[in-house]
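Data block below; observations after.
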Amino acid sequence: MSDTSTSPAAPVPTDFIREFVAADLATGRHRKIVTRFPPEPNGYLHIGHAKSICLNFGIGLENTGRCNLRMDDTNPAKEEVEYVDSIIADVHWLIDGWADGVLGLKLRGEGSATGTTDGELAAHHPAAVLPADAAGRALEPFFASDYFPQLHAFAVRLIRLGKAYVCDLSAEEMERYRGSPDRPAMDSPFRERTVAESLDLFARMTAGEYADGARTLRAKIDMASPNIWLRDPVLYRIRKIDHHQTGNRWCVYPMYDFAHCLSDYIEGVTHSICTLEFEVHRPLYDWILCNLDLPDPLPHQYEFARLSLGYTLMSKRKLLQLVTEKIVNGWSDPRLPTLSGLRRRGVTPQAIRDFAYNIGVTKHNALTDVAVLEKAIRDDLNRIAQRRLAVLRPLKVVLTNLGPDEVVECSATNNPEDPAAGTRKILLTREVYIETEDFLEVPPPKYFRLRPGGEVRLKYACIIRCDEVIKDAEGRVIELRCFADLTTRMGAENSGKKVKGTIHWVSVPQSVRAEVRLYDRLFTAAEPERDGRDFKTVLNPHSLEVLEAHLEGSLAEAVPEVRYQFERLGYFCVDPDSRPGALVLNRTIPLKDAWAKETAKG
RNA sequence: UGGCCGAUGGUGUAACGGUAGCACAGGCGACUUUGACUCGCCUAGUCAUGGUUCGAAUCCAUGUCGGCCAGCCA
């Protein structure tokens with residue numbers, strides 16, 4: 001089995017759903033496992049979807065099965081091709097190199113063939129093609145809309161069986177008739193309509209004879225059921241609007257409950273995994289499949305708890321609001337938990353997969369600490385990111401014993417976690433920048449950076465001593481004059497000399513300027529909507545800070561999506577906003593900072 | 001006064017009638033040319049009450065708390 005595994009030491013994950021899968025394999029109920037990831041293309045994917053993707057593709061991968069990507073596009077009013085495209089890109093980004101081998105797609109353009117509407121099963125549905133079998137042919141996701149002809153045929157069959165009827169109740173009337181969880185329902189006056197009449201009416205609905213909302217097709221189940229979803233749920237509604245895949249071909253569209261179970265069935269899905277709120281829909285899922293008298297094996301639905309992460313919002317509706325109200329800059333704003341936002345921020349797919357593995361899969365709602373995500377991000381970046389020196393808030397230091405044009409060559413380790421990454425040259429000059437916070441005139445106890453008369457090591461270079469502090473008219477420190485002890489350079493006679501602090505720096509003439517964007521959590525509260533509060537009351541006004549930083553010269557040719565660790569500062573990656581000579585970097589996440597924690601203690 | 005689902009350290013999870021374990025967070029220490037990484041140690045838990053059992057986080061009952069369900073959304 002391919003193993004660019006989720007976590008270095010990770011055994012195969014286990015959870016209650018995987019136990020069902022294993023049991024079904026053991027009993028011979030299924031020989032091949034097929035799952036699916038079925039987003040509605042009405043928004044961008046976020047890290048909550050990533051949890052589902054990792055579960056569904058993980059199960060496919062672990063069992064040499066398959067996981068189909070399917071657009072659950074049964075409501076043209078809310079869906080757009082922009083979302084279809086972003087979903088495809090995000091899924092690939094997240095699974096490539098891991099589970100892309102079990103990604104089930106179909107041949108482009110296949111499946112939207114005509115079907116019958118006379119109650120007979122359409123003969124064909126698109127076959128799932130794995131990348132290994134594509135032979136260079138273009139593939140695309142499955143679409144629930146591909147099955148509209150078959151779905152329609154199934155609906156007709158249900159009417160013929162006396163298990164569905166056309167209802168003329170308005171939406172308001174239907175709401176009244178339905179009752180409520182603790183109040184009984186009333187039968188629709190159209191419930192006992194003859195099969196022939198329903199058949200005729202449904203055909204005319206399909207032909208476009210009636211206005212939106214005028215009639216619906218309903219399942220005839222049990223109006224006395226304590227489960228609302230069994231009180232004759234709507235199966236089809238009239239919607240005279242264009243669909244992003246099927247154009248104006250249809251004016252009746254199936255509801256989620258009708259389309260989903262049958263789409264699963266059509267694709268040969270064995271385990272249909274969704275989130276907890278669909279638990280109450282499961283009896284309906286089963287009812288539809290059973291009452292259509294479909295041959296086995298039938299798919300089964302399993303539910304797990306959706307992800308909720310501290311200090312962020314996960315619902316597509318709320319994310320859409322953040323985007324449309326321009327609280328953030330589009331769906332890929334690095335502060336958003338969208339996959340495109342995380343990608344732009346510099347988070348790796350591996351880190352997201354590790355995160356998904358670490359949080360597990362259960363049936364109870366939990367609030368996951370962002371620290372778990374941050375840990376996964378740092379762990380992966382620590383392994384792969386090359387180190388560079390950069391100064392965010394510069395303080396000029398003049399090394400008084402170096403000549404104006406003197407250049408001292410230093411060797412810097414690219415990645416201490418990966419010796420194969422090698423070394424690079426950096427140049428020490430008379431004028432350098434250090435981080436403003438690395439000098440304090442009157443330092444607190446345990447501060448071991450630079451102070452007047454004190455010593456500190458410039459990383460990869462040498463130890464310097466602060467001889468003089470230059471201030472401006474307001475008394476602010478604007479420059480330090482220091483002595484550079486070149487005998488403490490690597491390889492020199494005093495290279496072993498120890499000082500408490502080592503700080504980062506860049507050469508003034510050798511550095512490049514860049515815009516650096518620092519991100520913080522979008523909200524100041526772990527649960528932005530706690531107790532029904534408006535999330536806009538807890539927006540973090542400092543979630544984005546833009547600085548002009550000075551980077552080591554080797555970064556001049558940095559390209560988007562390459563990730564670096566700026567030593568002692570954090571992980572950064574180049575933003576696509578970058579232009580030649582005008583680099584823009586995003587800070588993915590700062591390094592852990594024990595000193596900041598120490599000082600915060602007061 | 002409905003139905004369904006759930007409850008294990010601060011947080012997320014494991015244990016499937018037989019030693020409550022792991023991770024994150026937190027604390028202390030070691031190492032360190034990143035106050036990073038790494039390593040060592042520590043803190044801290046079975047919602048409650050009954051019952052079954054030699055033995056219960058696990059099974060049963062009752063209660064408590066939490067989530068979901070009254071779209072022609074998914």
* Asked: Can the ring centres of Tyr177(A) and Phe190(A) be said to be less than 6.0 Å apart?
  -> no
* To do: Anything under 30° is parallel, anything over 60° is perpendicular, the rest tilted; go ahead and classify His243(A) against Phe148(A).
  => perpendicular
* To do: Considering only atom P, compute the distance from G45(B) to U8(B) and round it to an integer number of Å.
  => 14 Å
* Examine Phe304(A) together with Phe16(A) and report whether their ring centres are nearer than 6.0 Å. => no
* Considering only atom P, compute the distance from G6(B) to C59(B) and round it to an integer number of Å. => 11 Å
* Do Glu435(A) and Arg568(A) meet the salt-bridge criterion of a basic N to acidic O distance under 4.0 Å? -> no
* Does His504(A) get its side chain close enough to the base of A36(B), under 3.5 Å, for a donor-acceptor pair? -> no
* Structure fact -> Between Arg183(A) and Ser495(A), the residue closer to the 5' end of RNA chain B by nearest nucleotide is Ser495(A)
* If you check every side-chain atom of Asn365(A), which of U34(B), C69(B), G67(B) has the closest atom? -> G67(B)
* Arg387(A) near the nucleic acid: base, sugar-phosphate alone, or nothing, with a heavy-atom cut-off under 4.0 Å? -> base
* Is any NZ, NE, NH1 or NH2 atom of the basic residue among Arg36(A) and Glu267(A) found under 4.0 Å from an Asp or Glu carboxylate oxygen of the other? -> no
* Parallel, tilted or perpendicular: ring planes of Phe202(A) versus Tyr236(A), cut at 30 and 60 degrees -> perpendicular
* Rounded distance in Å - CD (Glu527(A)) to P (G10(B)) -> 17 Å
* Glycosidic conformation of G71(B), syn or anti, with 90° from 0 as the boundary? -> syn
* May I ask whether Trp595(A) stacks on the base of G35(B), given the cut-offs of 5.5 Å between ring centres and 30° between planes? => yes
* To do: With C1' as the reference atom in both, quote the distance from U49(B) to C41(B) in angstrom, rounded to an integer.
  => 39 Å
* What does Phe278(A) touch in the nucleic acid at a heavy-atom separation under 4.0 angstrom: a base, only the sugar-phosphate, or nothing? -> base
* **Rounded distance in Å - CD (Gln386(A)) to C1' (C37(B))** => 16 Å
* Atom P, compared across U58(B) and C16(B): separation rounded to whole Å -> 13 Å
* Sugar-phosphate only, base, or nothing, as touched by Leu367(A) at under 4.0 Å among non-hydrogen atoms -> sugar-phosphate
* **Complement of C65(B), any strand, by Watson-Crick or G-U distances under 3.5 angstrom** => G6(B)
* To do: Quick one: label Ala371(A) by what it contacts on the DNA or RNA (base, sugar-phosphate, nothing), any heavy atom closer than 4.0 Å.
  => sugar-phosphate
* To do: Give one of base, sugar-phosphate or nothing for Lys78(A), where a contact means two heavy atoms less than 4.0 Å apart.
  => base
* Asked: Expressed as a whole number of Å, how far does the P atom of U33(B) sit from that of C24(B)?
  -> 26 Å
* Quick one: do Glu62(A) and Arg18(A) make a salt bridge, cutoff under 4.0 Å? -> yes
* Structure fact -> Looking only at A70(B), G26(B), U33(B), the nucleotide nearest the Lys597(A) side chain is G26(B)
* Tell me what Glu374(A) touches on the nucleic acid: a base, only sugar-phosphate, or nothing, going by heavy atoms under 4.0 Å. => nothing
* To do: Could you check whether Phe16(A) gets within reach of a base, just the sugar-phosphate, or nothing at all, counting any heavy atom under 4.0 Å?
  => nothing
* Nearest whole angstrom, please: distance from the P of U38(B) to the CD of Glu417(A). => 7 Å
* Structure fact -> Picking from U33(B), G2(B), G12(B), the nucleotide nearest the side-chain atoms of Met490(A) would be U33(B)
* Asked: Using a cut-off of 4.0 Å on non-hydrogen atoms, how would the nucleic acid contact of Leu373(A) be classed: base, sugar-phosphate, or nothing?
  -> nothing
* Looking at every strand, decide which applies to Thr74(A) at a 4.0 Å heavy-atom threshold: base, sugar-phosphate, or nothing. => sugar-phosphate
* How close or far is atom P of C73(B) from atom OH of Tyr236(A), stated in whole angstroms? -> 14 Å
* Asked: Has Arg178(A) got a side-chain N or O lying under 4.0 Å from the OP1 or OP2 atom of C72(B)?
  -> yes
* Structure fact -> His364(A) has its side chain closest, among U11(B), G2(B), U13(B), to U13(B)
* Asked: At under 4.0 Å, does any side-chain N or O of Arg237(A) touch on OP1 or OP2 of A74(B)?
  -> yes
* Structure fact -> Closest to the side chain of Trp229(A), out of A36(B), A74(B), G35(B), is A74(B)
* Asked: Counting side-chain heavy atoms from C-beta on, which of U34(B), G2(B), C72(B) comes nearest to Val234(A)?
  -> C72(B)
* Asked: At under 4.0 Å between heavy atoms, what does Tyr253(A) touch on the DNA or RNA strands: base, sugar-phosphate, or nothing?
  -> nothing
* Look at all strands and tell whether Ser225(A) reaches a base, only sugar-phosphate, or nothing, counting heavy atoms closer than 4.0 Å. => nothing
* To do: May I ask you to say what Arg449(A) touches in the nucleic acid, namely base, sugar-phosphate or nothing, with a heavy-atom cut-off under 4.0 Å?
  => base
* Which nucleotide sits closest to the side chain of Ile228(A): G35(B), A7(B), A70(B)? -> A70(B)
* To do: To the nearest Å, give me how far apart CD (Glu79(A)) and P (C73(B)) are.
  => 11 Å
* Asked: Taking the nucleotide of RNA chain B with the closest heavy atom to each, which residue, Ala214(A) or Val372(A), is nearer the 5' end?
  -> Val372(A)
* Among G35(B), U33(B), A74(B), which nucleotide sits nearest the side chain of Arg457(A)? -> U33(B)
* Using a heavy-atom cut-off of under 4.0 Å over every strand shown, decide if Lys498(A) touches base, sugar-phosphate, or nothing. => sugar-phosphate
* To do: With salt bridge (Lys or Arg N to Asp or Glu O under 4.0 Å) as the test, would you mind laying out the steps for Arg70(A) and Asp146(A) before giving the verdict?
  => CA-CA 10 Å; Arg70(A) 177 169 81 226; Asp146(A) 288 340; over 6 Å; no
* Atom-pair distance (CG on Asn227(A); C1' on G3(B)), nearest Å -> 7 Å
* To do: Please measure how far the C1' atom in U46(B) lies from the corresponding atom in U19(B), and state the result in whole Å.
  => 15 Å
* Is there a Watson-Crick or G-U wobble partner for G18(B) with both distances under 3.5 Å, and if so, which one is it? -> C54(B)
* Asked: So what does Gly213(A) hit on the nucleic acid, given a heavy-atom distance under 4.0 Å: a base, only sugar-phosphate, or nothing?
  -> base
* Could you please name the option among U13(B), C24(B), A36(B) that lies closest to any side-chain atom of Lys375(A)? => C24(B)
* Asked: Using the P atom in both, what is the distance from U53(B) to A15(B), to the nearest Å?
  -> 27 Å
* Using the ring of each side chain (for Trp, its six-membered ring), is His300(A) parallel, tilted or perpendicular to Tyr302(A), with breaks at 30° and 60°? -> tilted
* Structure fact -> Atom CD of Glu279(A) and atom C1' of G66(B) are separated, to the nearest Å, by 14 Å
* Which of the following nucleotides, C72(B), G3(B), A74(B), is nearest to the side chain of Asp72(A)? -> A74(B)
* Distance, C1' atom - from G10(B) to G26(B), rounded to whole angstrom -> 9 Å
